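Taking it in order: structure first as structure tokens, then the write-up.
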Amino acid sequence: MKKTIMIVDDEKHIRDTLGGVLSDEGYRVVAVRDGKEALERFSDGGAELVLLDIWLPGMDGIEVLKEFKRRYPAVPVIMISGHGNVETAVKATKLGAYDFLEKPLSLEKVLLTVEHALEQKRLAEENREFLERARREYAIIGNSPVMRRLKEDIKRVATTDSWVLITGENGTGKELVARNIHLYSKRSGKPFVAVNCAAIPDELIESELFGYERGAFTGAVGSKKGKFDMAEGGTIFLDEIGDMSLKTQAKILRILQERSFERVGGTKTITVDVRVIAATNKNLKEEIQNGNFREDLYYRLNVIPFHVPPLRERREDIPLFVEHYIKEFSLATAREDIPHLTEGAMNALIHYHWPGNVRELKNLMERLVIMVRSNTITLEDIPQYIREHLPDSRMEETNPFRSETLREARKHFEREFIKRKLREYNWNISKTADAIGIERSHLYRKIKSYNIEVDK
Ligand SMILES: Nc1ncnc2c1ncn2[C@@H]1O[C@H](COP(=O)(O)OP(=O)(O)OP(=O)(O)O)[C@@H](O)[C@H]1O
Ligand SMILES: [Mg+2]
């Protein structure tokens, strides 16, 4: 598609020659005489770039530039001026002009500058889209007060370069929090490199983290970058730091203190600019007491502590997760519908204690979306080990043997019996009534009076 360029110049021959050259190069050109007309005719998306004369009748070029930058900050503006006026050039650049071209114009230079400006704009757009996509992909779900606080804290910490230590049980979202801190920081355009510290054997830790030079050891045929190099300018995420051996801890401490390292087999000292975010599911204070974790390393890492609470401490978020993952997995699998949970099923999920936290819930939702054919996921579809956690009152409700009087027992039995039969006949009231030998209207009244939740 042709790109549109707006030329703002009061001299007709400039408009004509510039316009001619740009059209020959395949651009669409809109040429206007002054700032007022330029602003009137320019609408968002109307042109990709503006060539703007500094000396204009009426509103001068600098004023027009200001207004353009205010209204359309992403549109590059290239200034054109008479004789070299450095002061104005500096002023224009400060106000956000992309570049400055002097009259008499070198058409070659004009084209080159235009191309560069458009290329830079394209890259900026690409980066912005990439960042937006990443932020969406890693968006943190949760509306509970603790999660809202956490999200606010993430944004606040992201503006700094401070080191962060994230604690929380398995599957609570520690890595997600680390990624969010990165994505909202000024490092977001640079890499986020995650290192599972527990998974690297002691003898490999240095070459993994710092890389090696060719010939450093048998088999090192080339040189290899380490994780710290890869994260240059960005964030390194040291995961599972509570599971590192004491030997590895000593090595990590040294590099964190010096912020520089030497590659294995190398002689050069490499300095890196990385932000460190560490995470663990261990209680490090306890680990220190037991002699498993270095206290000095703990204080080095723990500049800003972040705690991600277990899911059972933010139960009101459970329905949000359920809805999100059911939708996500339904779209990802070949399902044509998005099933929904009955109140009973949701209730069981809300009461469960989720030792594996969000990861456990996510996995269960995937399984339900794949295994449950019906459009409705009922309590029966929820695994027994989760249902067990429904509060006792709900169990008692269905247990006639716990009743005091015959009347109560009968009531409870009848309620449970009707429920089971209804379930058996797929909640079809007429069929169930037929099967248990009563009138449809009679059954209907009983459902009402027993307050049976029709699981449909
Ligand atoms: N608040 C949340 N919003 C959206 N997704 C979440 C949230 N919390 C966790 N998840 C998802 O749950 C899964 C586990 O999260 P993550 O890997 O960040 O947990 P973790 O605390 O690092 O777990 P582990 O200790 O097991 O390494 C991921 O798929 C993650 O995207
Ligand atoms: Mg993790």
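All ligand and atom numbering here is 1-based and tracks the order in the structure. As the structure is a prediction and not an experimental result, all values here were calculated from the model.
Using a 4.0 Å cut-off between charged side-chain N and carboxylate O, D239 and K174 make no salt bridge. A salt bridge does not link E414 with K411: none of the charged nitrogens is closer than 4.0 Å to a carboxylate oxygen. Looking at E119 and R122, a side-chain N of the basic residue comes within less than 4.0 Å of a carboxylate O on the acidic one, giving a salt bridge. Using a cut-off of 4.0 Å between Lys/Arg side-chain N and Asp/Glu carboxylate O, K362 and E366 are scored as not salt-bridged. With respect to the salt-bridge test (charged N to carboxylate O, under 4.0 angstrom), the residues E67 and R70 qualify. Between E63 and K66 there is a salt bridge, since a side-chain N of the basic residue sits under 4.0 Å from a carboxylate O of the acidic one. Ion pairing of E416 with R420 is present here, as a side-chain N (NZ or NE/NH1/NH2) and a carboxylate O approach within less than 4.0 Å. A salt bridge is defined here as a Lys NZ or Arg NE, NH1 or NH2 lying under 4.0 Å from an Asp or Glu carboxylate O, and K121 with E125 meets this definition.
T235 and R275 share no donor-acceptor pair across their side chains, judged by distance under 3.5 Å alone. Checking N357 against T172 by side-chain atom types alone, no donor-acceptor pair falls below 3.5 Å.
Where the criterion is an N or O separation shorter than 3.5 Å, residue side chain and backbone included, M147 fails it with respect to ligand 1. Residue contacts with ligand 1: V358 is placed with no nitrogen or oxygen under 3.5 Å of a nitrogen or oxygen of the ligand (distance criterion only). Checking only distances, R314 never comes within under 3.5 Å of ligand 1, N or O to N or O.
Taking a distance limit of 4.0 Å, we find that atom 4 (C) of ligand 1 is approached by some protein heavy atom.
From the protein, the heavy atom lying nearest to atom 16 (P) of ligand 1 is G173 CA, 3.6 Å. Protein heavy atom nearest atom 1 (N) of ligand 1, with residue, atom name and distance: I141 O, 3.0 Å. Atom 8 (N) of ligand 1 has T172 O, 3.5 Å as its closest protein atom, hydrogens excluded (heavy atom only). Distance from atom 26 (O) of ligand 1 to its nearest protein heavy atom, with residue and atom name: R359 NH1, 2.6 Å. Among protein heavy atoms, atom 20 (P) of ligand 1 sits closest to K174 N, 3.4 Å. What sits closest to atom 22 (O) of ligand 1 on the protein, heavy atoms only, is E175 N, 3.2 Å. In this structure, atom 6 (C) of ligand 1 lies nearest to the protein heavy atom L176 CD2, 3.4 Å.
Neither the backbone nor the side chain of Y138 has any atom closer than 4.0 Å to an atom of ligand 1 (non-hydrogen atoms only). Within the 4.0 Å heavy-atom criterion, the part of K362 lying near ligand 1 is the side chain and not the backbone. Residue F237 does not touch ligand 1, judged by heavy-atom distances below 4.0 Å.
Residues satisfying the ring-ring contact (aromatic ring centres under 6.0 Å, His included) criterion with F237, sequence neighbours excluded, are F192.
Set against the non-hydrogen atoms of I140, the atoms of ligand 1 under 4.0 Å away are 1 (N), 3 (N). Residue-ligand proximity, A139 to ligand 1, at heavy-atom distances under 4.0 Å covers atoms 3 (N), 4 (C). Residue Y325 approaches ligand 1 through these ligand atoms, each under 4.0 Å from one of its heavy atoms: 4 (C), 5 (N), 6 (C), 10 (N), 11 (C).
Among G171, S144, A194, the residue whose heavy atom lies closest to atom 23 (O) of ligand 1 is G171.
More than 12 heavy-atom neighbours from other residues, nucleotides or ligands sit within 6.0 angstrom of CD on E232.
Heavy-atom separations between A279 and ligand 1 are all 4.0 Å or longer.
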